[in-house]
Amino acid sequence: MKPTDPKDNPWRAAALTSAIGIDLVVCLLAGYWFGEWLSQTLGGQLWLLGGFLLGLVTGIISIYFMIKRYGGL
């Protein structure tokens with residue numbers, strides 16, 4: 001019997017996909033809440049947008065490293 005490659009496991013792919021979605025949502029919410037806090041503290045709506053964009057960039061970078069490590073890039 002030929003040994004199977006662990007990267008061919010469908011459960012591993014499902015877990016990676018779920019982790020990507022959860023990671024992106026958590027980063028976006030954290031950035032939103034941070035921007036909301038800055039907006040209330042310093043005033044202005046621009047902080048909210050900046051926090052949201054910071055969360056988006058952080059999520060994308062985190063997903064890249066997650067795929068690089070577990071997805072085989």
Side-chain angles (χ1 to χ4, degrees):
M1 183 180 241
K2 173 174 119 175
T4 60
D5 187 12
K7 292 180 184 172
D8 293 337
N9 189 350
W11 290 107
R12 181 181 170 123
L16 182 61
T17 305
S18 298
I20 286 171
I22 291 169
D23 185 51
L24 185 60
V25 168
V26 167
C27 288
L28 284 173
L29 287 175
Y32 172 80
W33 285 325
F34 181 66
E36 180 69 25
W37 176 76
L38 280 176
S39 290
Q40 289 177 356
T41 304
L42 302 174
Q45 290 294 319
L46 192 58
W47 294 108
L48 180 62
L49 177 64
F52 187 77
L53 290 176
L54 179 66
L56 180 65
V57 169
T58 304
I60 290 171
I61 291 170
S62 175
I63 288 170
Y64 170 74
F65 284 117
M66 188 184 310
I67 291 174
K68 185 176 178 183
R69 179 167 183 186
Y70 297 111
L73 269 183

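Predicted, not measured: the structure shown is a model, and the values here were computed from it.
Linking Ile, Leu, Val, Met, Phe, Trp and Tyr whenever their side-chain heavy atoms come within less than 4.5 Å leaves Tyr32 and Val26 in two separate clusters. The hydrophobic clustering, which links ILVMFWY residues whose side-chain heavy atoms are closer than 4.5 Å, places Ile60 and Val25 together. Note: the hydrophobic cluster containing Trp33 does not contain Trp37 (ILVMFWY, side chain heavy atoms under 4.5 Å, direct or indirect links). Under the 4.5 Å side-chain contact rule for hydrophobic residues, Leu38 and Leu28 do not share a cluster. Hydrophobic clustering (ILVMFWY, side-chain heavy atoms < 4.5 Å, transitive): Trp47 and Phe52 are in distinct clusters.
The shortest non-hydrogen separation linking Ser39 to Gly44 is OG-O, 3.0 Å.
One distance of note links CG of Leu54 with CG of Leu49; it measures 11.0 Å at 0.5 Å rounding.
With Ile20 as the fixed residue, the side chain to side chain contact (heavy atoms under 4.5 Å, CB included) test singles out one of Thr17, Leu24, Leu16, Asp23: Leu16.
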Q: Show your reasoning for whether side chain to side chain contact (heavy atoms under 4.5 Å, CB included) applies to Arg69 and Phe65.
A: CA-CA 6 Å; Arg69 179 167 183 186; Phe65 284 117; over 6 Å; no
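The closest donor-acceptor contact from the side chain of Ser62 to the backbone of Thr58 lies at 3.5 Å or more, if one exists at all.
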